[in-house]
Asks: 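My structure is below; once you've seen it, I'll send some questions.
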Amino acid sequence: MSFLPFAHALVARQDLPVPAWLFAWGASIVLIVSFFALSVAWRKPRFEEARWRPLGAGFARGLVSLPMQVLCGLVGVFLLGVAIYSGLRGTEAPDRNFALTFLYVTAWLGFPFFSALLGDVFRPFNPWRAVGRVAGTGFRAIAGQRPAHLSYPEKLGRWPAAIGLIAVVWLEVVYGSSGGVAVGLDPHAAATAALVYSGYTLAMMALFGTEVWCARGEVFSVYFGMFSQLGCFGVEDGRLGYRRPLAAAAHWATLPGSAAVVIASIATTSFDGAQEGAFKDAIESTFNWFADRGVDLTTSLRLTDTIFMLLCFAGIGLVYLLGVRGMRTIRGAPSLATLRIGFAHTLIPIALAYLVAHYFSLFVFQEQAQFTYLLSDPLGTAHTDLFGTASGGIDFRLISATTIWYVQVGALVVGHVLGLTLAHDRALVYWPNYREASRSQYWMLAVMVAFTCFGLYLLSVSNG
Amino acid sequence: MTLPLAHIGHYLWVFYLLPVIFVIAGILKTTLSEKRRKEEDSDDD
């Protein structure tokens, strides 16, 4: 059996026909060509209406029926329970314990990928939503009235989810990697964090209402829901339907803090990619600066990593704001606040592209572990073999380093072209004259080229 | 003679920055020339 060192992303030197930086030039050319093609051929907004159409009666109704919702909710609660129990009672070896791979790979990476393709697949499986709904139904049955919730402060918007998103990644890549070993978070800490988060989420749902909190503050609902806006299936009025891909994203960012969520996603992924590569020297220097001043080593490392993660957030946010600021120079531009909110959704495909680029290999390899030995022996004690796959392993030859590189480049290029398309489409809403709309997107083109080159640079340094 | 390229790896980031600089330079050039043309048009009027 082969064991996977539980690193954040698998890296290996590829055998490329040209230097890696030439891919950044090629990707930039693709973006520039796409920009001009959009300017010429895309003259009316097409994503403002999702054009949702209900799917055929039987199967679609069955998928969103109450028994199916109950079943999915039970599956979600059961899997969360297994993850927490495995983390608390299982082995401390991260690669042998069900908890870490399930929470940080299968769920954290799997839901964004599938949500972007299909729509909000997390919503029915959300364990906290399921518990919240059951508690609400129970309260109504006993008290004979709806629970009285506090009204949610609308100014907060999705900021609790943005901060929570940074906290979830911080736990794994900063807190988890600060123990002096390169194995990430230990399963016990992950399970404890899941328990604390469950308590916090249920308390917030009791205060503000289950659906209100899921739409604004529940990290996983907001985060996975953000990617689901790219998908082609959605539920409206309790009916499953087909909608124009990407179109639902156009109205996602209207709540305050939405831009912070998508920027936090790009920033945390960037930091994870840069931690052992592009930022390595700077992180070491800052760490030494703290250590030289008597701060203990673990605190120095966590402090340094936290600073760099926040700097990534600030840097990505600043680049986005510069792009938005550039649009203000075009005649007839709406206010800066309108532009800032109006173009935030264009970063969603980029956030997804960064996720695919940085974690595709980890996902492919670690899911082999998830569906073989981790499923059969969740505690990692070598005493159980539930499905007869406990002796399974990971086939590292499944994809080569070169294939991984091409997937990474492809993901970044496609993600940024989709981002450009969404931005161009939104510009046509603010500037009905397509020439001015195209002119307004010059700076967004620069933003997209900057994010593409930055992403490829991070990958090339990590892989090199 | 051996070229002193031992540390070139430290400066590879420049190659990733160049496309961004080219695009920004192109935007600035286009924006300025459009501005100049508009000013000339308004002077003609």
Side-chain angles (χ1 to χ4, degrees), chain A residues 18-36 39 274 277-282 319 322-323 325-331 409 412-413 416 420 435-436 438-461 463-464, chain B:
Chain A
V18 292
W21 56 265
L22 259 181
F23 285 88
W25 288 51
S28 303
I29 291 168
V30 172
L31 283 175
I32 293 166
V33 170
S34 305
F35 175 81
F36 284 111
S39 302
F279 293 170
K280 195 178 177 188
D281 292 343
V319 171
L322 284 175
R325 187 73 189 80
M327 288 183 224
R328 279 283 294 153
T329 57
I330 304 300
R331 192 176 52 188
V409 175
L412 283 175
V413 171
H416 286 82
L420 263 185
R435 287 179 202 279
E436 284 192 338
S438 300
R439 213 172 294 141
S440 76
Q441 293 310 293
Y442 287 167
W443 291 102
M444 281 307 267
L445 172 67
V447 168
M448 300 298 174
V449 170
F451 281 152
T452 307
C453 292
F454 178 59
L456 286 170
Y457 174 64
L458 293 183
L459 291 170
S460 71
V461 176
N463 293 354
Chain B
M1 191 182 84
T2 310
L3 289 169
L5 297 175
H7 297 286
I8 197 166
H10 295 302
Y11 299 98
L12 274 179
W13 58 269
V14 174
F15 289 101
Y16 293 87
L17 193 61
L18 282 175
V20 185
I21 292 171
F22 288 150
V23 169
I24 291 175
I27 292 168
L28 287 175
K29 189 175 176 297
T30 312
T31 309
L32 288 175
S33 63
E34 278 174 0
K35 205 175 175 183
R36 205 174 302 131
R37 200 182 319 129
K38 267 183 197 163
E39 282 171 2
E40 283 170 6
D41 289 348
S42 61
D43 286 348
D44 291 344
D45 293 340

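If you're wondering where the values come from, they're calculated on a predicted model, not measured in any experiment. Here is the naming used below: chain letters follow the sequence lines, and residue numbers restart at 1 for every chain.
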Asks: Kindly list each side-chain donor-acceptor pair under 3.5 angstrom involving residues 15-28 of chain B, sequence neighbours excluded, with atom names and distances?
Replies:
residue, atom, partner, partner atom, Å
B:Y16, OH, A:W21, N, 3.3
B:Y16, OH, A:S460, OG, 2.9

Asks: Is there a side-chain contact between A:V447 and A:L322 in this structure, where contact means two heavy atoms from C-beta onward sitting under 4.5 Å apart?
Replies: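 Result no, sub-4.5 Å side-chain heavy-atom pair not found.
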
Asks: After noting the C-alpha distance and the side-chain angles of A:Q441 and A:F35, does the key distance pass the side-chain contact (heavy atoms from CB on, under 4.5 Å) rule?
Replies: CA-CA 8 Å; A:Q441 293 310 293; A:F35 175 81; 3.6 Å; yes

Asks: With sequence neighbours left out, what residues match A:T452 under side-chain hydrogen bond (donor to acceptor under 3.5 Å, both in side chains)?
Replies: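 Per chain and number, A:T452 pairs via side-chain hydrogen bond (donor to acceptor under 3.5 Å, both in side chains) with A:H416.
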
Asks: Side chain from CB out, backbone as N, CA, C, O: work out which of these in A:I32 comes under 4.5 Å of a heavy atom of chain B, or both, or neither.
Replies: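 Only the side chain of A:I32 comes within 4.5 Å of chain B.
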
Asks: Looking at A:R325, I'd like to know if its CZ atom is crowded, meaning that more than 12 non-hydrogen atoms belonging to other residues, nucleotides or ligands lie closer than 6.0 Å.
Replies: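 It does not: A:R325 CZ has 12 such atoms or fewer within range.
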
Asks: With A:R331, which residues qualify under side-chain contact (heavy atoms from CB on, under 4.5 Å), at least two apart?
Replies: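 With neighbours one apart ignored, the set is A:E436.
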
Asks: What are the residues of residues 31-39 of chain B, in order of number, with any heavy atom under 4.5 angstrom from a heavy atom of chain A?
Replies: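 Residues in range: B:T31, B:E34, B:K38.
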
